[in-house]
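Bear in mind the structure is a predicted one, so any value in this text is a computation, not a measurement. Sequence lines set the chain letters: A, B, ... in the order given, protein chains first and strands last, and positions in each chain run from 1.
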Amino acid sequence: MYRTHTCGELTLKNKDITTTLCGWVQRIRDKGGMIWIDLRDRYGITQLVFEEGKCELALIEMVKKLGREFVIQVTGTVIERFSKNPNMPTGEIEIQVRTLNILNQSETPPFTIEDNSDGGEELRMKYRYLDLRRNPVKKALELRHKIAAETRKYLDSIDFIEIETPYLIKSTPEGARDFVVPSRMNVGEFYALPQSPQTFKQLLMVAGYDRYFQIVRCFRDEDLRADRQPEFTQIDCEMSFVEQDDILKTFEGLIVHLFKEVKNVDIAEMPRMKYADAMRFYGSDKPDIRFGMKFVELNDVAKGMNFKVFDDAELVVGICVPGYSEYTRKQIDELTEFVKRPQVGATGLVFAKINLDGSIKSSVDKFYDTAALQKWVDAFGAKSGDLLLILAGAKEKTQKALSELRLEMGNRLGYRNNNVFAPLWVIDFPLLEWDEETNRFYAKHHPFTAPKPEHISLLETDPGSVYANAYDMVINGVEVGGGSIRIYDRLLQQKMFRILGFSDEEAENQFGFLMNAFRFGAPPHGGIAFGFDRLSSLFGGSESIRDYIAFPKNNSGRDVMIDSPSKIADEQLKELSISLTTLPK
RNA sequence: GGUUCGGUAGUUCAGUUUGGUUAGAAUACAUGCCUGUCACGCAUGGGGUCGCGGGUUCGAGCCCCGUCCGGACCGCCA
């Protein structure tokens with residue numbers, strides 16, 4: 001037996017017992033006649049003590065050979081510390097070591113294995129197995145495990161069944177770019193890795209498994225972000241014989257359960273906001289509702305005063321920042337620079353300060369007198385001491401830019417507290433989205449989403465105004481999940497593919513298996529998928545999902561530890577009947 | 001595909017604005033001292049292809065061009 005206890009469990013209750021521990025040398029404090037070692041394992045840290053005169057000289061000599069991250073086994077007596085450390089669970093005891101066994105040596109690690117490591121991102125990824133020894137990363141993975149475990153517990157308790165679906169499937173052109181896998185046995189043909197198990201879970205509904213879920217890896221060959229990895233995990237769910245409201249209630253239940261069990265946070269309410277309102281009041285389909293500063297449209301009160309920027313704009317819209325009329329010229333200039341960055345894309349920023357004495361100072365005083373400005377103030381319901389920030393231009397672009405500005409102000413004002421959680425449903429999404437470049441409609445959610453029944457007749461006449469029974473769950477401005485009621489009628493699905501520009505042949509070729517299944521008694525159904533990595537990072541209070549994934553990929557989709565992707569041998573290519581050529585750009 | 005920031009000791013960074021003697025700090029590492037430390041302390045020491053290639057110059061870590069690598073973001077992500 002290697003050990004009798006872990007490094008996290010011994011306390012004064014275990015005083016005087018003999019124990020054997022295994023772990024890594026976290027730190028050595030050599031005080032001359034006395035040496036302490038912090039011994040670390042997954043469960044915590046226990047202090048070892050070696051004291052001249054109280055242990056054999058040979059033992060001291062051996063201790064002097066130890067270095068950071070050596071793996072050792074020690075046997076000794078649990079004793080009460082002379083000077084205790086109240087900051088650690090095992091801080092009242094230490095182990096007076098009798099025997100030391102070096103299980104393995106370690107080179108000096110390239111960075112410190114501490115909560116605040118001196119290692120940079122890339123180095124820590126290259127030696128991820130060392131990074132994973134660090135407490136914050138371990139905590140993140142424990143949190144992730146807890147969420148997975150509680151998800152399974154909750155869904156199991158309400159009769160959901162976890163079923164695995166295949167990873168080697170068929171490529172489809174819609175949506176994200178597929179990762180493809182060549183087939184050796186079928187020359188010239190490729191599998192694709194699933195972007196989601198969408199069609200399979202629908203087939204499970206046809207098969208009668210009316211409550212399915214799966215914590216499942218998904219793959220999308222698109223550029224990465226701090227919150228986007230090419231392979232990521234979803235909590236994928238589908239139910240039969242349900243309407244939208246049944247699904248919202250069921251998965252509100254899941255989220256409430258997770259917050260309670262994992263974070264001990266009570267979610268009081270889960271508001272439902274129409275997509276149109278989300279865009280109108282927050283300029284985003286994933287609003288952060290931890291704070292106000294809702295958009296106020298100013299077209300009526302701002303236009304027609306010979307200020308060309310506003311007169312020419314499709315939309316004049318602003319936010320009221322409470323209590324910030326004291327913002328200096330320099331700070332406002334910073335905000336102007338912020339909105340003018342290409343990523344935000346506004347051309348300028350108009351402000352109005354409502355001073356404490358009631359006077360109003362704006363950047364457009366030349367065009368707007370006090371009475372005109374007062375109309376703005378009334379529109380916002382602003383008070384003395386408030387600051388109005390206003391953008392103008394094309395509708396969508398301006399909404400997006402003001403949304404960025406609102407979030408920036410939320411950050412500056414400290415409204416975006418990681419320990420406050422404000423979930424909501426965004427509902428009533430448009431079914432379709434017009435794409436100017438390709439001159440066709442795309443499915444806003446996916447092509448299996450059902451139009452609202454009362455809008456089906458509009459599909460022929462005015463597809464752009466059709467709404468869907470689709471919904472997203474948004475928490476703190478992060479889209480953590482989304483789903484829809486699906487089409488289960490073969491002819492409606494066929495019509496949908498036609499609207500999306502599929503020929504009947506293409507639809508048959510790519511989704512014939514699903515359309516065929518709909519011939520054999522498909523029940524009404526719908527579902528949702530949650531981004532498990534995002535949910536984990538959100539619970540952990542981090543913007544990046546990378547620390548919640550044991551072995552993540554970097555910005556370029558590379559794993560710098562195993563150095564993948566990589567070239568493969570000519571023999572492998574030959575076996576796959578693949579020859580590589582460099583295509584002209 | 002684009003924008004932007006960065007690459008200097010094992011590591012994290014300063015030094016680049018204004019080119020000029022031997023490139024610094026902290027930390028890590030090594031050695032010595034220290035019997036209650038817990039980010040122990042003190043002393044000493046070793047440690048550099050300034051990402052790579054080219055150019056300008058009497059002279060380049062610093063300026064210019066190219067290139068590679070990394071971070072954040074836009075496009076993209078049904």
Side-chain angles (χ1 to χ4, degrees), chain A residues 26-39 45-55 60 64 67-69 79-88 90-92 94 107-127 130 172-178 195-196 198-199 218-230 232 338 340-345 397 400-401 404 429 431-433 435 437 440-449 468 470 479 482-484 496-497 500 502 511 529 531 543-544 546 554-556 558 560 585:
Chain A
Q26 173 82 18
R27 211 178 278 126
I28 302 167
R29 288 182 294 277
D30 185 346
K31 187 77 184 169
M34 240 178 161
I35 303 172
W36 290 274
I37 289 178
D38 287 342
L39 188 68
I45 285 176
T46 296
Q47 178 168 283
L48 314 178
V49 63
F50 302 83
E51 189 172 357
E52 244 172 48
K54 290 195 182 171
C55 66
I60 299 277
K64 301 243 184 216
R68 282 167 55 207
E69 301 305 315
I79 60 171
E80 185 169 0
R81 285 201 202 181
F82 187 80
S83 49
K84 299 185 168 66
N85 184 344
N87 299 320
M88 53 195 293
T90 62
E92 291 190 312
E94 59 194 349
E107 291 181 20
T108 302
F111 53 87
T112 55
I113 315 290
E114 305 283 348
D115 285 9
N116 288 310
S117 173
D118 63 0
E121 182 89 355
E122 191 188 355
L123 198 69
R124 291 194 288 114
M125 286 307 154
K126 186 169 177 190
Y127 298 92
L130 297 180
T172 56
E174 284 286 287
R177 204 174 284 117
D178 284 318
Q195 301 173 26
S196 93
Q198 181 61 33
T199 49
C218 301
F219 306 86
R220 293 178 188 175
D221 186 7
E222 299 291 348
D223 285 8
L224 290 82
R225 289 286 188 280
D227 66 346
R228 252 165 42 191
Q229 286 271 306
F232 62 100
F338 175 82
K340 281 166 86 171
R341 282 164 47 219
Q343 284 88 342
V344 178
K397 208 174 165 185
K400 195 178 156 227
E404 293 295 329
F429 279 84
L431 181 70
L432 302 161
E433 226 172 4
D435 183 70
E437 264 179 44
R440 55 161 279 204
F441 281 109
Y442 279 88
K444 177 129 183 126
H445 186 52
H446 57 48
F448 317 108
T449 298
E479 181 197 325
S484 62
M496 188 68 186
F497 282 133
L500 294 172
F502 286 61
F511 297 110
E543 308 244 318
S544 169
R546 287 189 193 160
N554 77 3
N555 226 11
S556 321
R558 298 199 68 85
V560 292
K585 294 219 168 188

According to the Watson-Crick and G-U wobble definitions, with both distances under 3.5 Å, which nucleotide is paired to [N]?
N	result
B:C29	B:G45
B:G59	none
B:A9	none
B:A72	B:U3
B:C50	none

Looking for any heavy atom pair under 4.0 Å, which part of the strands does [X] touch: base, sugar-phosphate only, or nothing?
X	answer
A:S556	sugar-phosphate
A:T108	sugar-phosphate
A:K84	base
A:F111	nothing
A:R225	base
A:R546	sugar-phosphate
A:P110	sugar-phosphate

Can you tell if the side chain of [X] reaches within under 4.5 Å of the side chain of [Y], non-hydrogen atoms only?
X	Y	value
A:L431	A:M496	yes
A:K126	A:N554	no
A:R220	A:R228	no

How many whole angstroms separate atom [atom1] of [X] from atom [atom2] of [N]?
X	N	atom1	atom2	answer
A:R341	B:U4	CZ	P	12 Å
A:E94	B:C40	CD	C1'	15 Å
A:F219	B:C77	CZ	P	19 Å
A:N555	B:U4	CG	C1'	12 Å
A:E121	B:C13	CD	P	11 Å
A:Q343	B:U3	CD	P	10 Å
A:K31	B:U37	NZ	P	7 Å
A:F50	B:C40	CZ	C1'	17 Å

Choosing from [options], which nucleotide comes nearest the side chain of [X]?
X	options	result
A:W36	B:C40, B:U37, B:G75	B:U37
A:D223	B:A28, B:C38, B:G1	B:G1
A:E122	B:C38, B:G70, B:G75	B:G70
A:A176	B:U37, B:C34, B:C77	B:C77
A:E222	B:C77, B:G75, B:C38	B:C77
A:Q47	B:C77, B:G36, B:C74	B:G36
A:A226	B:C77, B:A72, B:G1	B:A72
A:E52	B:U35, B:G36, B:C73	B:U35

Check: Quick one: is A:R29 getting a side-chain N or O under 4.0 Å of the B:C40 phosphate, OP1 or OP2?
Finding: yes
Next item on the list: Would you indicate, yes or no, if B:C69 has its OP1 or OP2 atom less than 4.0 angstrom from a side-chain nitrogen or oxygen of A:K126?
Entry: no
How far does the [atom1] atom of [N] sit from the matching atom of [M], given to the nearest Å?
N	M	atom1	result
B:G7	B:G53	C1'	16 Å
B:C34	B:A72	C1'	48 Å
B:A14	B:U31	P	32 Å
B:U3	B:U12	P	28 Å
B:C40	B:C33	C1'	14 Å
B:U4	B:G47	C1'	34 Å
B:C42	B:C63	P	38 Å
B:G71	B:C13	P	14 Å

Margin query: So if I apply the side-chain contact (heavy atoms from CB on, under 4.5 Å) rule between A:P230 and each of A:D221, A:L224, A:D223, which one comes out positive?
Written below: A:L224
Next item on the list: By nearest nucleotide on RNA chain B, pick out whichever of A:R228 and A:G91 is the more 5' one.
Entry: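 Final value for this comparison: A:G91.
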Notebook entry, point to check: If you find the nucleotide of RNA chain B closest to A:L123 and the one closest to A:I28, which residue's nucleotide is nearer the 5' end?
Noted result: A:L123
Short question: side chain of [X], backbone of [Y] - any donor-acceptor pair under 3.5 Å?
X	Y	result
A:S544	A:R546	yes
A:D38	A:I45	no
A:T112	A:S117	no

Item checked: Whether A:F511 and A:F497 hold their rings parallel, tilted or perpendicular, with breakpoints at 30° and 60° ->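 Answer is parallel, since the angle falls under 30°.
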Check: Would you say the side chain of A:N554 and the base of B:G71 hold a donor-acceptor pair, judged only by whether the two atoms sit under 3.5 Å apart?
Finding: no
Next item on the list: Report yes if a donor N or O on one partner sits less than 3.5 Å from an acceptor N or O on the other, where the partners are the side chain of A:R220 and the base of B:C76; otherwise report no.
Entry: no
Check: How close do A:F232 and A:Q195 get, heavy atom to heavy atom, and via which atoms?
Finding: CZ-O, 4.2 Å
